[in-house]
Number of protein chains: 2
Amino acid sequence: MSDLLERLRGRGWRLTSQRRVVAEVLDGDHVHLTADEVHARAVRRLPEISRATVYNALGELVALGEVVEVTTDGRAKRYDPNAHHPHQHLVCSGCGLIRDVHPDGDPLAVLPAAQRFGFAVAGADITYRGLCPDCA
Amino acid sequence: MSDLLERLRGRGWRLTSQRRVVAEVLDGDHVHLTADEVHARAVRRLPEISRATVYNALGELVALGEVVEVTTDGRAKRYDPNAHHPHQHLVCSGCGLIRDVHPDGDPLAVLPAAQRFGFAVAGADITYRGLCPDCA
DNA sequence: ATCTTGACTTGGACTGGGTCCATCGTAGGA
DNA sequence: TCCTACGATGGACCCAGTCCAAGTCAAGAT
């Protein structure tokens, strides 16, 4: 965490109390919060922080590659701080629970050249869907 | 297409001109329109059709398994009539172009039991990302 | 061919998620 | 400690989608 703040400062990020709080809220590798959830938690530490500031900070963290956006449904985007370990997501169709998962092999390997249509394919986002133990 | 309308009628779908037009607009296997795009095209054939009706019809087609919803970004959902041939999507990060693709093997096979956390995993949605020939 | 009725359509209000912007505040270099 | 450009604020605004009360009509019954 403090190394995150260090990295950001090293990249010229001006370190404000608001940005610090947003980064702290996202601390922990297995969190998948919406922007509003991040805002709600940030407000507990810094009551005046605005929604716009949370959106700005999240957008910057994504642009800097420190956080990844996850869209598992058509609803609110979720922000995943586990950005330095490539992974995929397993989502419960019942309750929406999200787990980070690591499938075997390279996801791009299964897409043959003939199926790439001349694209320079750079990555793959996989969402596995099913029922979690509690919902089954 | 007419077989689609037949299938729907067989399932008790009341066949209105609005529903017929929505189904016709979605005809073709490689179309990925947003609800508003479907509405815009439907209006050309049936000027009074309302947005709410298009949303209703699309929702019903999805519930009946005739169309699948595709969410490749956090923006508007897209509706894909190619529902009877399982496939994945390849999306251009530049212009948003979407192609249906067929990766090798079963996408679920690469998720080992130890990575399933007790979930009853039922499916996987894969979005391959890269630049299309025009954008590269 | 007409009637009847419950399913369908309409459009306008409303909601949730997100962005924009003019103004104010402040981190951090000089 | 002072300056100033970068960041924060909150309220207006936008887009995608849902809801609802009232009107319409497909299709089975007569």
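Throughout, protein chains are lettered first and strands after them, A, B, ... in sequence-line order, and every chain is numbered starting at 1.
For the pair A:Tyr55 and C:dT19, the criterion of a side-chain N or O lying under 4.0 Å from OP1 or OP2 is not met.
Shown here are the side chain to side chain donor-acceptor pair (under 3.5 Å) partners of B:Glu66, two or more places apart in sequence or in another chain: B:Arg7, B:Arg11, B:His84.
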For this session: Encode nucleotides 2-14 of chain C as B, S and - characters from 5' to 3', where the letter depends on protein heavy atoms closer than 4.0 Å: B to the base, S only to sugar-phosphate, - to neither.
Result: ----BBSSBB---
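Taking the side chain as every heavy atom from C-beta outward, A:Thr16 and A:Arg19 approach each other to under 4.5 Å. Proximity of B:Val62 to B:Tyr79: side-chain heavy atoms (C-beta onward) are separated by under 4.5 Å at one or more points.
Heavy-atom nearest nucleotides on DNA chain D were determined for B:Tyr79 and for B:Leu15, and the one closer to the 5' end corresponds to B:Tyr79.
One can place NE2 of A:His39 at 15 Å from C1' of C:dT19, the figure rounded to the nearest angstrom.
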For this session: For B:His89 and B:Asp80, run side chain to side chain donor-acceptor pair (under 3.5 Å): C-alpha distance rounded to whole Å, both residues' side-chain angles, the deciding distance at 0.1 Å, then the answer.
Result: CA-CA 11 Å; B:His89 294 102; B:Asp80 182 344; 2.9 Å; yes
Exercise. Are B:His85 and B:Asp100 close enough, and set up right, to give a side chain to side chain donor-acceptor pair (under 3.5 Å), and what steps lead you there?
Worked result: CA-CA 10 Å; B:His85 297 85; B:Asp100 289 358; over 6 Å; no
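To the nearest 0.5 Å, the span separating CG on B:Leu58 from CD on B:Glu69 amounts to 8.5 Å.
Note that the first and last nucleotides of DNA chain D, 5' to 3', having any atom under 4.0 angstrom from a heavy atom of chain A are D:dA5 to D:dG10.
In this structure, B:Glu37 pairs ionically with B:Arg78, as a charged nitrogen and a carboxylate oxygen lie closer than 4.0 Å.
Note on B:Val101 and B:Val31: separate hydrophobic clusters, where clusters join Ile, Leu, Val, Met, Phe, Trp and Tyr whose side-chain heavy atoms are under 4.5 Å apart, directly or indirectly.
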